[in-house]
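In what follows, a single structure is set out as C-alpha cells and then discussed.
In what follows, chains are A, B, ... by sequence order, proteins preceding strands, each numbered from 1.
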Amino acid sequence: MAKLNKNQQKAATTTEGKVLILAGAGSGKTRVLVHRIAHLIQGKKISPTAILGLTFTNKAAEEMRERVAHMVSKEEASAVTLSTFHSFCMRILRKEIHRLGFTQKFTLYDEKDMRRLIMQVAEELYEGEEELALEPIITSISYLKGKGMTPSEKEPFVKEVYEGLRTAMRAYNALDFDSLLTLTVELFETFPEVLEKYQDRFRYIMIDEYQDTNPIQYRLASLLSEKHGNLCVVGDDDQSIYAWRGAEVEHILNFPADVTVKLEQNYRSTSHILKAANAVIRNNVHRHDKVLEANAGEGETLEIFNAPTEQDEVEAVIKRMLQLKEEKNYRWKEMAILYRSNNIARSFELSLMQTVWRKGEQWVRGIPYQVFGGLGFFERAEVKDLMAYLRITSNPKDQEALLRIVNYPRRGISDKTLDTITQFNRQKRLPLMAVMEKIAADAYPELELTSRGTQGIKNFMILYQGMTEKFQSASLSEALKWLVEKIDYKNAIFNEVKSDKGREFKWENVQACISALQTYEKEEDPTLHDFLSSSMLNKKTIDKKDRFGEDKLNLMTFHSAKGLEFPAVFLVGLEDQLIPHAKSQTKEGIEEERRLLYVAITRAMETLCLSMARKRTQHGKLVSCNPSRFLFEIPKEILKVTSWK
DNA sequence: TAAATCCGCCTTTTT
DNA sequence: GGCGGATTTA
C-alpha cells in the first residue's frame, strides 16, 4: 500500500480534540479514516470498543469495516463500532427504549406506512372538511423532525396532526426512521446517566460525509462527544447534495475545529476531468475555497455532443461504449451511465436490451446492465405483504401491518367493516387486534357488522392464533412457509396478476423471503424482531439479482453515484430544466444542482463523455431543450465537441 | 364486494 | 407515458 501524503498523515494521526478533515473528491478520504482507526488501536493503544464511526450508508460502513480488518486483527476490527446513524440508534433503543414508553418489540415504519398513517390521522381530525392539503403537512412534519423541532402554534393543523401521529405511533408501538434519531436524543437529554454511559464507552468518534448531517444527527454527535471532546468529522462541502432532505452545509462550514486538515490531492481522475470539475464548482459562492490537484496524468480531452433526440442520444452513447470496450478493453462494470433523474434510465434500458454486440467470437443480443435504486426488494408488494404478517406476529399492536393484510388474501372484510372497527378501536383506545378478538367472540353487537364481515374476522383470528403457535413451535422460515401455504398466497398472486412473467417474478420473491429467513436463522440468537428491524435498516442485501462481481454496466442517478468511481463515465441528459432541475431554481437550489454535477463529473477516472438531446419527451409531450447552463462554465480547450453520429 | 375505468400527478431519496 | 388513488359500475 502506498504511503500517505503529508496531510493525509496529519489527518490520520491527529486524534485528540475536534478535528475537521476537508476531503475533496477522490482524495483518499476513506483511506485516511481507516488509517486513523488503525493508528488509534495500534499506535495509541486505544481499545477498539471505544471507537465509534458513523456513516450514512450501509455500503460505506461495510467498506470501512472491510478495510480496517486488513490493517488490524480480525477481533480488533469487529470490536470497533462502525455503523450508520440509524443502526447505531436502533442498537441503543433496543436496550433503553422502555424508559420512553415503548416496548422492546417496536416496529419500524417506512415512508409508506407513515403516509397512510398521517392520512388517517388527518382525516379523522378534519372529517368532512374539503380540500385537506396533505402534502404540505407531510413535508413539514418530516422537515421538522429532521431539524429536531416540534410544530409551533403558528401552524395549528400541523401541530394537531403531529400530536395525533405521536399518539398513534405510541399506541402501535411503532417508530419511523426519523424517530430513531429523535428518540435517542430525547433519551440522552432526559436521562443523563444513560448518556454518560455511552459517552464513557465511545471516547473517539468519527463521522463520515459530514456535509450531509442534519441538525438532529449533529445534536446526537455533540451530545456523545461532549464529555471527552474527541470528535473527528470528514466531509466535503462541495459534495453536499442532500440539503433538500434537511442536511445543513452550515455544519461543516462552521464546525468549531481545533485542527483543520485539507486534502486536496486527487488520486482518482485525469487532470482534464479535474479541470472541468474545478471550473464548474468555482462558480459557487457558498463554500470553503479549495482546488483539487491532479496526480493521475493528463488523460484525453472530454467528449461532448448534442443529439437531435433522446433516442439518438441513447444510441450514440451505446455506440461509444462499444467502441471504448474494443479500444481500451474496458469491462462493462468499469463503465457507468449517470443521470439526474430516474426516468431517463428507461430509454437506455430498452436499447441496451436490444443492442447486438460481439462478445469474443460470437454475436450476442443484449448488454448486461444493472439499474441502482428503483424498487428495492423490501418495497415490492408481495414482500411487504409477507413482512406485514411477520410484523403482527412480532408486534400485535402494529395496526398498519394488520390493516394491510387483514383482508389480503380476500376474506370478505370490506373497507366499510374496517372503517367501522378502526373508528371504534381509536375511540375506545383499544388495540385493533383486541377489538377483533372480541368481535370474533361475538361481543360488540352494537357495531352492526355484516355477517360476512364478522365471519371474515373470525377466520382471520383463527389464522392469527395458528400463526402465533406456529411461530413459537417451528423455526422462522418453516413457520413462514406454513403461512404461505395456509393463506394460499400462490393463488392470491395468480388471481391478482395477469401475465405469466409477473406471476413467476412475484412467486420467486416469496421464495426469496423464505430463503432470507433461512439464511438469517444461521446467525446467533435469531429473533423475528431483529430480522424485521435489520431488514428495514439494510434493505437491499437479499436480492438474488445483484450477485456481486458480475460484469454489468452500471446505471444510476447522480445522487446514488456518490462515493463510487468508474474508469469510464457517461453523463447523459445534461439539459437545462433537468440539471439544474426545473424545480430547483432558487439561488441555493442552483448551487446544490451545481454540486450535484460536480459529484457526477468527479466519479470519472479516465474517460468522461457528456451528452444531451435537443428534443425529449417529458410527461408524454415532446419538448425542445437547451444544453445545461453549467456546461458553459467548462473551458472550451478541454472539450472535444463531436457530432452525435 | 370487487373489478374496471378514469384522473391527475410527476426530482433527487443513503435510513 | 405510467403509476397510484378514487370513483364508477357489474
State the [atom1]-[atom2] distance between [X] and [Y], to the nearest 0.5 angstrom.
X      : Y      : atom1 : atom2 : result
A:I216 : A:D178 : CD1   : CG    : 9.0 Å
A:L532 : A:T107 : CG    : OG1   : 7.5 Å
A:S222 : A:F188 : OG    : CZ    : 12.0 Å

Exercise. Between A:W244 and A:H559, what is the ring plane arrangement, given parallel below 30°, perpendicular above 60°, and tilted in between?
Worked result: perpendicular
For this session: Just say parallel, tilted or perpendicular for the rings of A:F106 and A:H529, cut-offs at 30° and 60°.
Result: perpendicular
Exercise. Is the base of B:dT11 syn or anti, if syn means a glycosidic angle within 90° of 0?
Worked result: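 Base orientation: syn.
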Could I get a table of every N or O pair under 3.5 Å where one atom is in the protein and the other is in nucleotides 4-11 of chain B?
from, atom 1, to, atom 2, distance (Å)
B:dT11, O4', A:H581, NE2, 3.3

Take the protein atom [atom1] of [X] and the nucleotide atom [atom2] of [N], then report the distance between them rounded to whole Å.
X      : N      : atom1 : atom2 : result
A:R116 : C:dG4  : CZ    : P     : 14 Å
A:R115 : B:dT13 : CZ    : P     : 16 Å
A:H559 : B:dT15 : NE2   : C1'   : 15 Å
A:K621 : C:dG2  : NZ    : C1'   : 15 Å
A:F378 : B:dT15 : CZ    : C1'   : 14 Å
A:Q217 : B:dT15 : CD    : C1'   : 9 Å
A:M536 : B:dT15 : CE    : P     : 11 Å
A:L180 : B:dT15 : CG    : P     : 13 Å

Exercise. Between A:E62 and A:R65, is there a side-chain N and carboxylate O pair less than 4.0 Å apart?
Worked result: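 A:R65 and A:E62: not salt-bridged.
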Exercise. Can A:K615 and A:E310 be counted as an ion pair, charged N to O under 4.0 angstrom?
Worked result: no
Exercise. What's the closest nucleotide to the A:T57 side chain, out of B:dT15, B:dT13, B:dA2?
Worked result: B:dT15
Problem set entry | Of A:I413 and A:E592, the one whose closest DNA chain B nucleotide lies more 5' |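 Residue closer to the 5' terminus by nearest nucleotide: A:I413.
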For this session: Please figure out whether A:T450 or A:L596 has its closest DNA chain B nucleotide nearer the 5' end.
Result: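 Mapping each residue to its closest nucleotide by heavy atoms, the 5'-most match is A:T450.
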Provide a list of protein-nucleic acid N or O atom pairs under 3.5 angstrom, restricted to nucleotides 6-10 of chain C.
none

For this session: For A:G563, answer base if it contacts any base atom (sugar-phosphate contacts may also be present), sugar-phosphate if it contacts only those atoms, and nothing otherwise; contact means non-hydrogen atoms under 4.0 Å.
Result: nothing
Exercise. So, A:Y339 versus A:F570, ring centres under 6.0 angstrom or not?
Worked result: no
Problem set entry | More than 12 heavy atoms from other groups under 6.0 Å of CZ on A:R116 |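 Count over threshold, so yes.
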For this session: Give a yes/no on whether any side-chain N or O of A:R410 is located under 4.0 angstrom from OP1 or OP2 of B:dA3.
Result: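 Answer yes for this pair, as a side-chain N or O of A:R410 is under 4.0 Å from OP1 or OP2.
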